[in-house]
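Remarks on the structure that follows.
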There are 2 protein chains.
Amino acid sequence: MTSADLTPTAWTILGFLSLHPRNGYQLRQAAQRSVGHFWGVSYGQLYPQLKLLAEDGLIEPDPEPAAAGAAGPAGGRSSRSAAPWRLTQRGNEALRGWLRRPPEPRQLRDEGLVKLLFSDEAGPTAMLELIARRRADVLLRKELAEQIVPGAHWPKATDRRPQSLLAARLVLAHTLTLCEAELAWCDTAEQLVAEHRGPLADHPPELRHDA
Amino acid sequence: MTSADLTPTAWTILGFLSLHPRNGYQLRQAAQRSVGHFWGVSYGQLYPQLKLLAEDGLIEPDPEPAAAGAAGPAGGRSSRSAAPWRLTQRGNEALRGWLRRPPEPRQLRDEGLVKLLFSDEAGPTAMLELIARRRADVLLRKELAEQIVPGAHWPKATDRRPQSLLAARLVLAHTLTLCEAELAWCDTAEQLVAEHRGPLADHPPELRHDA
DNA sequence: CTGAACATGTAAAAGGTTACATGATTTT
DNA sequence: AAAATCATGTAACCTTTTACATGTTCAG
């Protein structure tokens, strides 16, 4: 049970703790902010998983010797926040093992797209509504991502800071690229619906999407 | 319990049946092929849901009077296939109601991205591997999508065929657009990792991604 | 005749989300 | 003093996935 059996949520916890120690609340916040749109972490899983990880000896309470230096606006916890967790040696090893294994295939559940697929009979207005809603969602996602500047506010005193911030930048770029592509799709999609509404569309004779 | 309470899978079933009648097996195949990459439908859910939908009077066995016309390579069921289901009037109404309601927010679980985010310490090779794997996945997804021609092989005799095939085209375009964007990201990402590996990267002083 | 594809189901387990419940601390 | 934020947890529910189990039909 030492290394391979953890739940996806548990691995995420280890990952975030590998950047620096935090408590449960901070953990969920970090996850929410930085990977929320492609990796949900809910309280319901978080605390039980923390307990399990601690029992397995993969994480432990941080003695937090790092009260050093400037208690700047970012670096220091104000007076007393709850006990942060940190990775143990074994936790670190487990994390590295996980990172080396090939990732699970990505899973997407996009009800909006499904509705769109079936909306031929529902009419162009319904389609436009789905597209508009999607645009709004993507726009929001993109704006949230743009507020992220990879790595800022890393606690100064605490070590363990990754040598580079390349990874964070790559992930950020991924988000932005896909958001932009999806916005572009929204434009074309709206156009196509509009065109279709007008000339009543001659559609090619034989085709196939579902069989 | 008539209309609003169905599971996501059940709505998908209704959606596909609204295009034309099919049996469970065909249903799963259609779902797999056309929306598999953004909407999973597994056998474990499928048959129980079919039963429930039938009990609720939203679907019923198709009397299949449509043995008419050419028994071409595509149109006709060869000799005897299993009983197909079709939408009832109430099923159709329920479906339309669902289509009008705003969709659930899309949910993504992308372990590859999470691993990438934590792979700074794992090194450039690990990163490149993650990117390469992603490229392969996306490429496959794109190729599968390209084989789809919206609407072909719709059973000729059966009516209920949507007036347009616009919806299928939009969904297809969505898939292709996003695949291409992701492939472009793979290119840049690989480049960035390579650059980083070389000059040892001067990275800007203060930043922030997770806090 | 043999293997592939067709076809339908069940049971168990895993996992996640939501809602509920509670209390401390900090800010207004 | 009240409200917001911090903080930790539990329990029920809901779904999906996976594995198992079985039988038929069709093509080579």
Side-chain angles (χ1 to χ4, degrees), chain A residues 1 4-13 21-33 35-55 59 61-62 73 76-85 104-111 114 211, chain B residues 1 4-13 21-33 35-55 59 61-62 64 71 73 76-85 104-111 114 211:
Chain A
M1 300 302 116
D5 272 46
L6 303 183
T7 66
T9 299
W11 293 119
T12 316
I13 293 174
R22 335 167 190 234
N23 62 38
Y25 190 78
Q26 293 164 339
L27 219 29
R28 207 217 56 157
Q29 280 199 316
Q32 188 84 343
R33 210 166 350 95
V35 301
H37 68 98
F38 63 83
W39 194 262
V41 172
S42 64
Y43 282 123
Q45 282 282 86
L46 185 53
Y47 290 105
Q49 290 297 323
L50 280 172
K51 203 185 218 174
L52 289 178
L53 287 172
E55 280 166 12
I59 62 175
D62 184 21
R77 306 183 181 84
S78 54
S79 65
R80 188 189 322 181
S81 76
W85 298 95
E104 296 293 306
R106 114 199 188 305
Q107 281 180 46
L108 181 56
R109 257 190 125 64
D110 193 331
E111 200 184 72
V114 178
Chain B
M1 303 303 117
D5 271 45
L6 304 182
T7 67
T9 299
W11 292 118
T12 316
I13 293 174
R22 333 167 192 234
N23 62 38
Y25 191 80
Q26 293 164 339
L27 218 30
R28 208 220 53 160
Q29 280 200 316
Q32 188 83 339
R33 211 166 350 98
V35 301
H37 67 98
F38 62 84
W39 194 261
V41 172
S42 63
Y43 282 123
Q45 281 283 86
L46 185 53
Y47 290 105
Q49 291 297 324
L50 280 172
K51 202 184 217 174
L52 289 177
L53 287 172
E55 281 167 11
I59 63 174
D62 184 21
E64 74 186 295
R77 307 181 181 86
S78 54
S79 66
R80 189 188 319 180
S81 77
W85 297 94
E104 296 293 306
R106 115 199 187 305
Q107 281 179 47
L108 180 56
R109 262 193 119 64
D110 193 331
E111 201 185 70
V114 177

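It should be emphasised that the depicted structure is a prediction, and the values quoted were computed from it without experimental measurement. So that the names make sense, note that chain A is the first sequence line, chain B the second, and so on, each numbered from 1.
- As rounded to whole Å, 12 Å separates atom P of C:dG9 from atom CG of B:Leu27.
- If you find the closest nucleotide of DNA chain C to A:Pro8 and to B:Gly24, the one lying nearer the 5' end belongs to B:Gly24.
- Remark: A:Ser42 is not in phosphate contact with C:dG16, judged by side-chain N or O atoms under 4.0 Å from OP1 or OP2.
- Distance OH (B:Tyr43) to P (C:dA5): 12 Å, rounded to an integer number of Å.
- Of the side-chain N and O atoms in B:Asn23, none sit less than 4.0 angstrom from OP1 or OP2 of C:dC6.
- Side-chain contact between B:Leu50 and B:Leu27 is present, with at least one heavy-atom pair separated by less than 4.5 Å.
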Show me, pair by pair, the donor-acceptor contacts under 3.5 angstrom made by side chains of residues 40-48 of chain A, not counting sequence neighbours?
none

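- Between the P atom of C:dT17 and the CH2 atom of A:Trp39 lies a distance of 10 Å, rounded to the nearest Å.
- Nearest to the side chain of B:Tyr47, among C:dG16, C:dT8, D:dA7, sits C:dT8.
- Note on A:Arg109: only backbone sugar-phosphate atoms sit closer than 4.0 angstrom, heavy atoms only; bases stay farther off.
- For the OP1/OP2 pair of C:dT8 and a distance below 4.0 Å, the side-chain nitrogens and oxygens of B:Lys51 include no atom meeting the criterion.
- In this structure, B:Gln107 atom CD and D:dT17 atom P are separated by 12 Å, rounded to whole Å.
- Among the protein residues, B:Gly44 comes within range of the nucleic acid bases, having at least one heavy atom under 4.0 Å from a base atom.
- Protein atom CD of A:Glu111 is 11 Å distant from nucleotide atom P of D:dT16, rounded to whole Å.
- Contact between the side-chain N/O atoms of B:Thr9 and the OP1/OP2 oxygens of D:dT15 is not found at any separation under 4.0 Å.
- Regarding B:Ile13, its CD1 atom lies at a distance of 13 Å from the C1' atom of D:dT16, rounded to whole Å.
- If you take CD of B:Gln45 and P of C:dG15, they are 17 Å apart, rounded to a whole angstrom.
- Whole-Å rounding puts the A:Tyr25 OH to D:dT8 P distance at 10 Å.
- Within 4.0 Å (heavy atoms only), B:Gln29 reaches sugar-phosphate atoms of the nucleic acid but no base atom.
- For A:Glu104 (side chain) and B:Glu111 (main-chain N/O), no donor-acceptor pair under 3.5 Å exists by modelled atom type.
- Looking only at side-chain heavy atoms (C-beta outward), A:Phe38 and B:Arg109 stay at 4.5 Å or farther from each other.
- Between A:Trp85 and A:Pro61 there is a side-chain heavy-atom pair separated by less than 4.5 Å.
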